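Take a look at the structure set out below.
Chain identifiers are assigned alphabetically (A, B, ...) following the order of the sequence lines, protein sequences preceding nucleic acid strands; residue numbering begins at 1 within each chain. Both backbone and side-chain heavy atoms feed into the values below; hydrogens, waters and symmetry mates do not. As the structure is a computational prediction, the values presented were derived from the model and not from experiment.
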Amino acid sequence: MKITLNWLKDFLKIKELNEEEVADLLTMSGTEVKKSEDVGARFKDIVIGQVNEFSSHPNADKLSVCKVNVGDNILNIVCGASNFKKNDIVPVALPGSKVGDLKIRRSKIRGQVSEGMMCSEAELGLSSDSEGIMILDGNYKIGKSFAKSAGLDDVIMELEITPNRPDCLSIIGIARELSALKDIELNIPDYNYSLEKENNFNIEIKDYNLCPRYSAKIFSNVPRIESPQWLKNRLIFCDVRPSDLIVDLTNYVMLETGQPLHAFDKDLLHSDKIIVRRAKKGEKIRTIDDNNRDLNPEMLVIADEGKAVAIAGIMGGKQTEINQNTKNFLLESANFNGPSIMRTSKKLGLRSEASNRFEKQIDPYLTIFAIKRFQVLLERITGHKENAKIYDNFKKTKRNRNIVLRSSKIRQVLGEDIKVGVASEILSGLQIDNKVKGKNLEANIPSFRYEDLEREVDLVEEVARIYGFNKFGSEPPAAKQSMGGYSFYQKKIRQLRDSLRDIGLAEVINYSFISQENFDKFNLGEEEEFNKLVKIINPINEDFQYLRSILLPAMFKTLEDNVKYKTSDIAIFEVSKVFEKSGKKLPIEKNKLGILLSGRKEQKSWDNGVEYYDFYDLKGMLEYIVEKFYPNKDLKIKAKEYKFFHPTIGGLANIDGIDLGIIGKVHPSICRGLDIEQDVYYLEINLDNFIKNIKGFKNFMPIPRYPSIEMDIAIVVDINIKHDDIVQLIKESGTGILKNIRLFDVYQGKQIEEGKKSMAYSLTFRREDKTLKDREVEIEIKRILSNLSKKFNAKLRE
Amino acid sequence: MDKDVNKLVNRLEEEFQNFKKDLKETTNLKELEKLKVNYLGKKSLITTTLKNIGSLPNDLKPVVGKNTNIYRKKIQASLDQKVEFFESLEFDKKLRKEKIDLSLPGKKPELGSKNIITQVIEEIEEIFIGMGFKIAEGPEVELDYYNFEALNTPEDHPARSLHDTFFISDDVLLRTHTSPMQVRYMEKYQPPINIIVPGKVYRRDYDVSHTPMFTQIEGLVVDKDINFKHLKWTLETVARKIFGRDRRVRFRPHYFPFTEPSAEMDVSCKICDGKGCRVCSGSGWLEILGAGMVDPNVYKFVGYDPDEFTGFAFGIGIERICMLKYGINDLRAFFENDMRFIRQF
């Protein structure tokens with residue numbers, strides 16, 4: 001919300017307000033000043049001048065040369081407009097001033113000296129379009145500052161009003177705050193006159209819960225004149241577009257008092273009765289923004305005896321709008337139920353300055369004051385006196401309460417001893433009546449703060465914020481025997497991230513969403529494990545349709561995006577939740593780790609060729625993690641087909657029967673479909689399973705005392721024999737002295753029969769009780785080879 | 001007899017002195033070899049003396065043998081030493097011929113990185129752990145009850161419009177802040193409570209300054225006798241740990257439905273040192289978190305006695321901390337995962 005300092009001053013008994021001081025006081029008491037602009041500075045060195053004489057420019061048809069009196073000087077000014085006459089009063093920008101972005105300086109235009117510029121409204125930023133120079137009336141004194149004369153020497157402040165303070169959505173509300181903060185007396189007029197004239201008008205409220213009060217007044221035969229400049233200026237400063245005097249005044253009074261007003265053309269209403277009722281099923285209305293709106297019985301409307309003429313608290317109808325021919329109008333000043341306005345506004349997708357105030361529940365006692373204020377301003381501007389009665393349908397409810405504020409409570413919450421007398425003064429400053437009773441005080445909450453001051457602690461806050469949060473100190477809480485730290489799970493996650501970083505992976509964070517399109521592209525619909533998607537019922541767009549069930553598509557997108565930036569070598573990981581629909585209200589959330597590799601593992605370098613990531617790089621990383629967290633366990637990959645993996649390169653990873661997750665090569669068709677030419681490898685493990693089974697404690701393994709013997713064997717077997725099976729058989733064939741089996745070569749090619757491969761293993765033997773003899777190893781090797789030969793038809797490779 | 005022995009010893013000594021002189025003059029292994037022949041070879045004094053020992057009278061044999069051997073050993077030792085010396089010289093010469101270009105690039109393991117958001121979360125976690133806090137985590141898909149209602153934000157509360165929410169169903173949503181864990185944690189545990197809750201949160205808002213997902217750290221301290229001064233101390237301390245000891249800190253009143261009083265905390269702008277610049281939009285201050293004393297209404301939902309317990313809560317926006325700390329000017333960069341961004345940290 002925007003306010004101006006001069007406007008604020010209208011309601012405070014003070015001559016000058018300092019911009020910085022006001023900004024600081026408001027900000028430090030909870031009304032943050034987001035921005036502050038001295039508008040007067042915009043019009044620096046623009047003064048009031050009078051055109052003494054003018055003649056056409058000797059060298060240019062469309063220009064004229066004017067002599068302009070600016071008080072202490074007569075300036076020669078070349079001008080392009082032609083709407084002015086001799087003796088007209090005009091704004092003149094002197095050399096050194098700025099008009100919009102244009103810097104004014106003394107210059108020669110087609111050989112004639114020009115010592116300034118006469119300005120149009122548009123050039124001064126006072127209207128969006130205007131023709132010719134702005135002609136001022138006789139109230140403007142020659143030589144005076146234009147800004148001051150036009151009421152433009154003002155400061156605009158943009159405020160952030162928190163939702164608990166609808167009373168502050170008004171100049172008067174802010175004046176009230178400032179009065180408490182700076183101890184300035186408020187200057188709010190008390191309109192105590194009574195109005196007599198009967199118009200035989202009627203207000204019927206069908207539902208007092210939705211509309212506790214509806215006040216209205218008829219204005220008849222109002223002279224139609226344009227809004228004065230000062231009024232337009234203030235509206236413009238507060239981001240309201242000026243239009244017609246009546247409409248401008250409704251807006252002006254709303255900004256001032258916080259009470260939204262609406263004016264209907266009285267002669268376009270079909271009855272002398274206003275009915276506040278719920279909309280009928282299927283009822284429609286065209287609002288003043290020229291949109292047709294479908295209403296439903298949840299929504300409250302203002303209607304005449306025929307049909308709806310406004311959506312209550314949100315926007316008026318087009319049909320009864322104030323127009324050029326309006327002579328008589330009905331001014332509405334009503335109070336509506338906040339939540340109901342909020343629901344309707346949300347449903348219609350329609351917000352207005354009025355709904356923004358009503359939805360926060362404003363004070364019903366504002367309605368009459370606002371009408372009277374409107375009337376006073378209208379009379380001041382047009383001279384029109386209106387003696388018509390104010391019609392007021394009001395179902396009064398309790399709007400005040402007493403709250404006891406104990407100084408012990410202040411002490412308990414704030415830790416600061418603020419004396420009850422100080423608290424009392426602060427509350428009085430905020431127009432909250434209170435009486436000190438010993439160490440406590442009893443406050444009587446006024447209607448305009450009824451919603452937000454309900455409890456003792458609310459008063460503690462009022463006292464604290466006006467007193468100043470920074471006035472009282474800070475203190476460490478009393479030392480307690482409390483043990484901080486990571487849980488086991490959190491510690492392991494942190495170690496895992498460090499490990500992944502240490503092997504060169506970069507951590508990415510993607511949005512938790514997946515689109516239907518991506519879901520389909522990765523063929524997830526056919527995968528039991530990943531197809532139970534959680535749906536968002538109000539996504540921003542199709543990218544946010546579901547919560548993701550797998551990290552792959554988003555990580556693949558990271559690859560795609562980076563390839564676009566010419567970074568095509570990707571080694572990334574992500575630790576994130578995935579979501580799965582469950583039978584219960586909340587979905588299942590699983591913590592997952594995804595790793596994706598693609599492109600070059602090593603760039604071509606001066607001592608090495610290019611190396612591309614392959615399946616075994618990814619598997620190696622998984623082995624590295626497994627070895628780190630499960631020191632004596634083996635990782636096993638069981639082939640399994642997934643629709644998003646290569647049909648033969650993909651499977652399930654597990655250690656000792658604990659399922660970890662999936663690993664494989666992303667299906668080449670998927671890659672091609674997404675314009676990725678390079679191979680992509682992906683693994684995803686379930687961190688909940690992975691970490692749950694980690695043993696927190698490693699047992700010491702005695703260091704061997706006797707030397708070991710290493711023997712290499714190379715066998716030739718059928719190409720389909722799996723390494724895992726060979727190792728398994730070697731293990732089973734060996735006795736306790738076989739300690740380790742390591743594959744060090746796999747060969748297929750010329751030197752080997754077709755359909756066969758050579759596998760070379762290095763076997764380590766050792767005894768724990770004495771030095772091993774060569775003979776013992778020979779027996780062992782013989783048995784192993786014989787078993788390999790029997791089971792896999794393996795031949796020793798010479 | 002003694003005379004003969006003395007004579008021999010003198011000769012040996014003379015021989016040794018000559019040897020030392022010659023040794024000094026040798027410049028390589030070859031010369032050294034020659035020297036060895038001269039002094040220990042077949043015709044050398046020492047070898048001939050030892051050879052002839054058999055013809056000496058019996059009583060002289062041990063004395064002559066002993067003395068001669070002493071000199072033989074002395075010469076041998078000096079020769080060995082010199083050999084070693086020449087060998088090392090030669091080895092050195094050989095090494096000096098082995099040259100590489102030290103300026104060629106090294107064979108570097110690829111540098112990985114933890115995400116900047118992870119790093120800042122961990123940094124903040126460490127600060128709080130040092131203050132005795134535990135770390136709690138909660139679900140990202142939440143019940144309306146925990147996200148709003150039990151946080152004193154019933155349906156139709158105006159504050160709800162500040163949280164544009166993604167819904168799964170009428171009463172299930174993506175949490176809009178990490179605050180629901182306040183309620184979940186208090187439901188489960190009794191004071192004293194000292195926790196922080198890091199995590200992803202979601203709002204239905206997507207433009208230059210909003211992403212639909214971002215990261216928060218919630219904090220909750222509840223006990224007997226916890227007051228606003230403790231809130232101030234805790235958060236001031238944390239802010240200075242993150243941004244530097246010389247930062248000034250201030251608290252502004254604000255509004256959150258689940259704290260009363262509520263505050264926002266600013267730190268003085270590092271760029272302009274509080275004088276006002278573009279980064280702090282001229283104010284000299286940067287807002288970094290929201291906080292407040294836990295509203296008694298929240299205690300009602302978890303069955304705490306508001307007269308017995310007080311506490312404070314706070315919420316820190318991690319991306320904002322990252323931006324201020326590292327001078328990152330585009331919020332969206334955090335989730336675009338451009339390697340040129342990611343690998344900087």
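- Remark: the N337(B) side chain and the N510(A) side chain contain an N/O donor-acceptor pair separated by less than 3.5 Å.
- Residue I540(A) holds its CD1 atom at 3.5 Å from CZ of F166(B), rounded to the nearest 0.5 Å.
- The candidate with the highest count of non-hydrogen atom pairs below 4.5 Å against chain A, out of H157(B), E122(B), M131(B), is E122(B).
- Chosen from D338(B), I342(B), T310(B), the residue pairing most often with chain A at heavy-atom distances under 4.5 Å is D338(B).
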Going through the distances and angles, do I509(A) and K200(B) end up as a side-chain contact (heavy atoms from CB on, under 4.5 Å)? CA-CA 10 Å; I509(A) 300 179; K200(B) 290 172 182 167; 4.1 Å; yes
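- Interface check for chain A: of the options E137(B), M293(B), E140(B), the most heavy-atom pairs under 4.5 Å are formed by E140(B).
- Under 3.5 Å, the side chains of T118(B) and E507(A) contain a donor-acceptor pair of N or O atoms.
- Interface residue T27(A): backbone and side-chain heavy atoms are both found under 4.5 Å from chain B.
- For a residue to count as touching a neighbouring chain, one of its non-hydrogen atoms must lie under 4.5 Å from one of that chain's; by this rule K409(A) touches chain B with the side chain only.
- For A571(A), the parts lying near chain B are the backbone and the side chain together; criterion is any non-hydrogen pair under 4.5 Å.
- Summarising the geometry of R501(A) relative to S113(B), their closest heavy-atom pair is CG-N, 3.4 Å, with the distance given to 0.1 Å.
- In this structure, chain A has a heavy atom under 4.5 Å from the side chain of L174(B), while its backbone stays farther away.
- Contacts between S576(A) and chain B at a heavy-atom distance below 4.5 Å involve backbone atoms as well as side-chain atoms.
- Judged by distance alone, the side chains of Y202(B) and S512(A) do bring a donor and an acceptor atom under 3.5 Å apart.
- Chain A forms more heavy-atom pairs under 4.5 Å with one residue of M213(B), R204(B), R160(B) than with any other, namely R204(B).
- Salt-bridge check for D225(B) with R411(A): failed, with every basic side-chain N at 4.0 Å or more from each acidic carboxylate O.
- Residue contact with chain B, scored on non-hydrogen atoms closer than 4.5 Å, is absent for P166(A).
- Between E126(B) and R494(A), at least one side-chain N (NZ, or NE/NH1/NH2) sits under 4.0 Å from a carboxylate O, which counts as a salt bridge.
- Taking CG of L586(A) as the reference point, atom CD of E142(B) lies at 6.5 Å (rounded to 0.5 Å).
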CA sep, side-chain torsions, deciding dist, call: T162(A), F256(B), side-chain contact (heavy atoms from CB on, under 4.5 Å): CA-CA 9 Å; T162(A) 53; F256(B) 304 106; over 6 Å; no
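- Ring orientation note: the planes of Y511(A) and F335(B) are tilted relative to one another, at an angle of 30° to 60°.
- Under a 3.5 Å cut-off, the side chain of N538(A) and the backbone N or O of F167(B) do form a donor-acceptor pair.
- If you measure heavy-atom distances from M28(A) to chain B, the contacts under 4.5 Å come from both the backbone and the side chain.
- Taking both residues in full, the closest heavy atoms of K360(A) and P158(B) are given as CG-CB, 3.9 Å, listed atom of the first, atom of the second, then distance.
- Across all their heavy atoms, R340(B) and Y565(A) have their closest contact at NH2-CG, 3.2 Å.
- A distance-only check finds no donor-acceptor pair linking the side chain of K229(B) to the backbone of E416(A) [under 3.5 Å].
- Of the two parts of E475(A), the backbone and the side chain both hold a non-hydrogen atom closer than 4.5 Å to a non-hydrogen atom of chain B.
- Between I135(B) and Q490(A), the closest heavy-atom pair is O-NE2, 2.7 Å.
- A donor-acceptor pair is defined here as one N or O able to donate and one able to accept, closer than 3.5 Å; such a pair exists between the side chain of N470(A) and the backbone of F251(B).
- Top candidate by heavy-atom pairs under 4.5 Å with chain A, chosen from E260(B), E110(B), K232(B), is E260(B).
- Taking CG of L505(A) as the reference point, atom CG of L111(B) lies at 11.5 Å (rounded to 0.5 Å).
- In terms of heavy atoms, F513(A) sits closest to P212(B) at CE1-CB, 4.4 Å.
- Using modelled atom types, one finds no donor on one side chain facing an acceptor on the other under 3.5 Å when comparing K585(A) with S169(B).
- At a 4.5 Å heavy-atom cutoff, the contact between E32(A) and chain B is made by side-chain atoms alone.
- In summary, D295(B) and R455(A) engage in a salt bridge, as defined by a charged side-chain N under 4.0 Å from a carboxylate O.
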CA sep, side-chain torsions, deciding dist, call: E125(B), Y486(A), side-chain hydrogen bond (donor to acceptor under 3.5 Å, both in side chains): CA-CA 9 Å; E125(B) 283 173 347; Y486(A) 286 117; 2.5 Å; yes
